[in-house]
S.K.: 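Here you go, one structure.
All residue numbers in this chain count up from 1 along the given sequence.
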Amino acid sequence: MPSIPRHQPADQPLLDIDHFTELCDMLGSDQTETLLRAFLIDLDTRIPAIVSDCVADRHDAAKRSVHGLKGAALSIGARRVAMIAAGIERAADGERRSMCADLAPCATETRDLINALLPQA
């Protein structure tokens, strides 16, 4: 059976605009803003933990953290972060560390985009 081709993270948008628009329509602006701010906090706490766990070969902890990040990213439509997280989650233990190198820069780009969408206080 032929394998299903997997998209590369760079092929994915930082933010799925259709998903984001649907989220805004469903939740309204206040709840969407709350969810986005919670996601930003999640990025700030999970990314260092994931990288640290990968570097220290704490594979189970890394998989748990990256799974949570993937779910949070999917919930707001942060597709590229979700795809990188999914790749780290699926990776063999010895490959996970090198895959983390893509996560932090992508998280920074995603954070910047989300911050641009949020009302400034």
S.K.: Could you see if L43 belongs to whatever hydrophobic cluster contains L74? Use Ile, Leu, Val, Met, Phe, Trp, Tyr and a side-chain cutoff under 4.5 Å.
M.R.: no

S.K.: Between A91 and M99, what is the shortest heavy-atom contact and its length?
M.R.: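 Minimum heavy-atom separation between A91 and M99: CB-SD, 3.3 Å.
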
S.K.: Which residues pass the salt bridge (charged side-chain N to carboxylate O under 4.0 Å, His left out) test with E95, sequence neighbours left out?
M.R.: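 With sequence neighbours excluded, E95 shows a salt bridge (charged side-chain N to carboxylate O under 4.0 Å, His left out) to no residue whatsoever.
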
S.K.: List the residues meeting side chain to side chain contact (heavy atoms under 4.5 Å, CB included) with L27, not counting sequence neighbours, and say none if there are none.
M.R.: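 So L27 forms a side chain to side chain contact (heavy atoms under 4.5 Å, CB included) with L23, Q31, T32, L35.
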
S.K.: With R58, which residues qualify under salt bridge (charged side-chain N to carboxylate O under 4.0 Å, His left out), at least two apart?
M.R.: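 D53.
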
S.K.: Shared ILVMFWY cluster between V51 and L40, side chains joined below 4.5 angstrom?
M.R.: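 Yes, it is one cluster - the side chains of V51 and L40 are joined through contacts under 4.5 Å.
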
S.K.: Report the residues that fulfil side chain to side chain contact (heavy atoms under 4.5 Å, CB included) with A73, sequence neighbours left out, ordered by chain and then residue number.
M.R.: F39, A78, V81, A82

S.K.: For R96 and A62, work out which heavy atoms get closest and say how close.
M.R.: CD-CB, 4.0 Å

S.K.: Under the side chain to side chain contact (heavy atoms under 4.5 Å, CB included) rule, collect the residues that match up with H67, sequence neighbours excluded.
M.R.: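 If we apply the side chain to side chain contact (heavy atoms under 4.5 Å, CB included) test to H67, skipping adjacent residues, the hits are K70, E89.
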
S.K.: Can you list every salt bridge (Lys or Arg N to Asp or Glu O under 4.0 Å) pair that touches residues 20-34, not counting sequence neighbours?
M.R.: E33-R37

S.K.: Can you list the residues that meet the side-chain hydrogen bond (donor to acceptor under 3.5 Å, both in side chains) rule with R79, with sequence neighbours excluded?
M.R.: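 With neighbours one apart ignored, the set is Q12, D16.
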
S.K.: By side chain to side chain contact (heavy atoms under 4.5 Å, CB included), which residues pair with L15, not counting sequence neighbours?
M.R.: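 Side chain to side chain contact (heavy atoms under 4.5 Å, CB included) list for L15, sorted by chain: F20, L113, L117.
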
S.K.: Can you list everything that forms a side-chain hydrogen bond (donor to acceptor under 3.5 Å, both in side chains) with D57? Sequence neighbours excluded, please.
M.R.: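 Partners of D57 under the side-chain hydrogen bond (donor to acceptor under 3.5 Å, both in side chains) test: R97.
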
S.K.: Quick one: which residue pairs count as a side chain to side chain donor-acceptor pair (under 3.5 Å) with a foot in residues 107-116, not counting sequence neighbours?
M.R.: D44-R111

